[in-house]
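Here's the structure we're looking at; comments come further down.
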Number of protein chains: 2
Amino acid sequence: MGISKTELFTKKQNELANIARALGHPARIAILQHLVKINACICNDLVGELGLAQATISQHLKELKQLGLIQGTIEGTSVCYCIDPKVWEKYKKLFSEFFLEVKQASKANCSPDCC
Amino acid sequence: MGISKTELFTKKQNELANIARALGHPARIAILQHLVKINACICNDLVGELGLAQATISQHLKELKQLGLIQGTIEGTSVCYCIDPKVWEKYKKLFSEFFLEVKQASKANCSPDCC
DNA sequence: CCTATTAATCGTAATATTGCATTGAAGCGA
DNA sequence: TCGCTTCAATGCAATATTACGATTAATAGG
């Protein structure tokens, strides 16, 4: 029904999914990459850079801000957006852990010619 | 308009976003974790495990399969799903690279008290 | 052949997301 | 003060996602 049954899953699973969902849009990936490159940036920069409308980019920025990944500090008429390194590091670790869970676990309980 | 303007972004940005979007649902995180734990699994296991309907889980599995993250081989009346370690490793690397882009870049071109 | 089991698919409803035009608010310069 | 710039907030339309019941297809076992 378009609504995720978050109550079925652990807090960590939901957290991971939330981060992944936030990264799950090329515009937000591009915004983060641009922020990293410049290490400081105002919204209007991005409008020229990405080719999306200002309102759209503002919305993407809002989502990233809600996640805590970026901070926005008011700077006169403009807003300076930066990546929050602490949160970035935390999420990086979360994903690393998730991806590391795999290793090369043994063949396990399925048939020999499976996979 | 509910449709992403993928043509504005690089192939790599879209690829990253696609992977992230696929991981952007707690059920799919849970499915992957369960697959890792068991290292092989059939859909019906997951129905009991997750508390979602069979149709819903089948749909989530389909998305993960489209991404290449998991393989499904027919096994009599059931299907055996496994993680594809090669693809998993590839995506792990992609994300690591993305997260590593940050480092501790210098303060850059914004005001001294920004961020 | 009949039936049970298993998973994929279809159809549908509810809700979320994306993108934008427009409006609103706040600071800056003339 | 009057615009002008910059970004946020709102509201809309188009589309995507999530979830599930019902159906279908395939296979195993009798």
Side-chain angles (χ1 to χ4, degrees), chain A residues 1-9 13-14 17-18 20-31 35 40-67 70-82 110-111 114, chain B residues 1-9 13-14 17-18 20-31 35 40-67 70-82 110-111 114:
Chain A
M1 307 177 181
I3 188 170
S4 297
K5 294 193 150 183
T6 54
E7 75 276 8
L8 289 178
F9 308 102
Q13 285 169 337
N14 281 309
N18 271 332
R21 202 180 45 73
L23 299 178
H25 193 290
R28 292 196 284 271
I29 294 281
I31 286 173
L35 280 181
C41 178
I42 56 172
C43 179
N44 214 41
D45 271 14
L46 291 165
V47 175
E49 197 77 23
L50 300 191
L52 288 170
Q54 180 268 323
T56 307
I57 291 183
S58 190
Q59 216 172 356
H60 284 309
L61 285 168
K62 190 179 164 190
E63 282 189 68
L64 292 172
K65 212 155 54 172
Q66 270 173 349
L67 200 69
I70 64 175
Q71 303 170 311
T73 56
I74 294 164
E75 188 107 351
T77 77
S78 55
V79 175
C80 172
Y81 288 107
C82 306
C110 72
S111 99
C114 162
Chain B
M1 308 183 180
I3 186 168
S4 296
K5 294 193 150 184
T6 53
E7 74 277 8
L8 290 178
F9 309 102
Q13 285 169 338
N14 281 310
N18 270 333
R21 202 181 45 74
L23 299 178
H25 193 289
R28 291 195 286 270
I29 294 281
I31 286 173
L35 280 182
C41 177
I42 55 171
C43 179
N44 211 42
D45 271 14
L46 292 165
V47 175
E49 196 79 22
L50 300 190
L52 288 170
Q54 179 265 324
T56 307
I57 291 183
S58 189
Q59 219 172 352
H60 284 308
L61 285 168
K62 190 179 164 190
E63 282 189 66
L64 292 173
K65 212 156 53 173
Q66 269 171 350
L67 201 69
I70 63 176
Q71 303 170 311
T73 56
I74 295 164
E75 189 103 350
T77 77
S78 55
V79 175
C80 172
Y81 287 107
C82 306
C110 74
S111 100
C114 162

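Worth knowing before you read on, the calculation uses all heavy atoms, side chains too, and leaves out hydrogens, waters and symmetry mates. A note on names: the letters A, B, ... follow the listed sequences, proteins ahead of strands, and every chain is numbered from 1. Because the structure is predicted, anything quoted here is derived from the model rather than measured.
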Would you call Ile29(B) and Phe9(A) a side-chain contact if the rule is heavy atoms closer than 4.5 Å? no

Could a donor-acceptor pair under 3.5 angstrom be found where the side chain of Gln59(A) meets the base of dA9(D)? no

Nucleic acid footprint by protein, nucleotides 25-30 of chain D - heavy-atom cut-off 4.0 Å, B for base, S for sugar-phosphate alone: --BS--

Within the structure shown, what part of the strands sits under 4.0 Å from Ser58(B) by heavy-atom distance: base, sugar-phosphate, or nothing? base

Quick check on dT18(C): is either OP1 or OP2 less than 4.0 Å from any side-chain nitrogen or oxygen of Arg28(A)? yes

Does His60(A) have a side-chain nitrogen or oxygen under 4.0 Å from the phosphate oxygens OP1 or OP2 of dG19(C)? yes

Indicate whether OP1 or OP2 belonging to dT17(C) is found under 4.0 Å from a side-chain N or O atom of Arg21(B). no

Do you know which two heavy atoms are closest between Leu50(B) and Leu8(A), and how far apart they sit? O-CD1, 3.5 Å

In the structure I gave you, are the side-chain heavy atoms of Asn18(B) and Arg21(B) within less than 4.5 Å of one another anywhere? yes

Just call it for Leu52(B): base, sugar-phosphate, or nothing, with non-hydrogen atoms closer than 4.0 Å on any strand. sugar-phosphate

Identify whether any heavy atom of Ala53(B) sits under 4.0 Å from a base atom; if not, whether one sits that close to sugar-phosphate; answer base, sugar-phosphate or nothing. sugar-phosphate

So does Thr56(B) get a side-chain nitrogen or oxygen closer than 4.0 Å to the phosphate oxygens (OP1/OP2) of dC20(D)? yes

Tell me which nucleotide among dC20(C), dT6(D), dA7(C) gets nearest to the side chain of Lys5(B). dC20(C)

Using the closest heavy atom to pick a nucleotide of DNA chain C for each, name whichever of Glu63(A) or Lys62(B) lands nearer the 5' end. Lys62(B)

Below the 4.0 Å mark, does dT6(D) have OP1 or OP2 next to a side-chain nitrogen or oxygen of Tyr81(A)? no

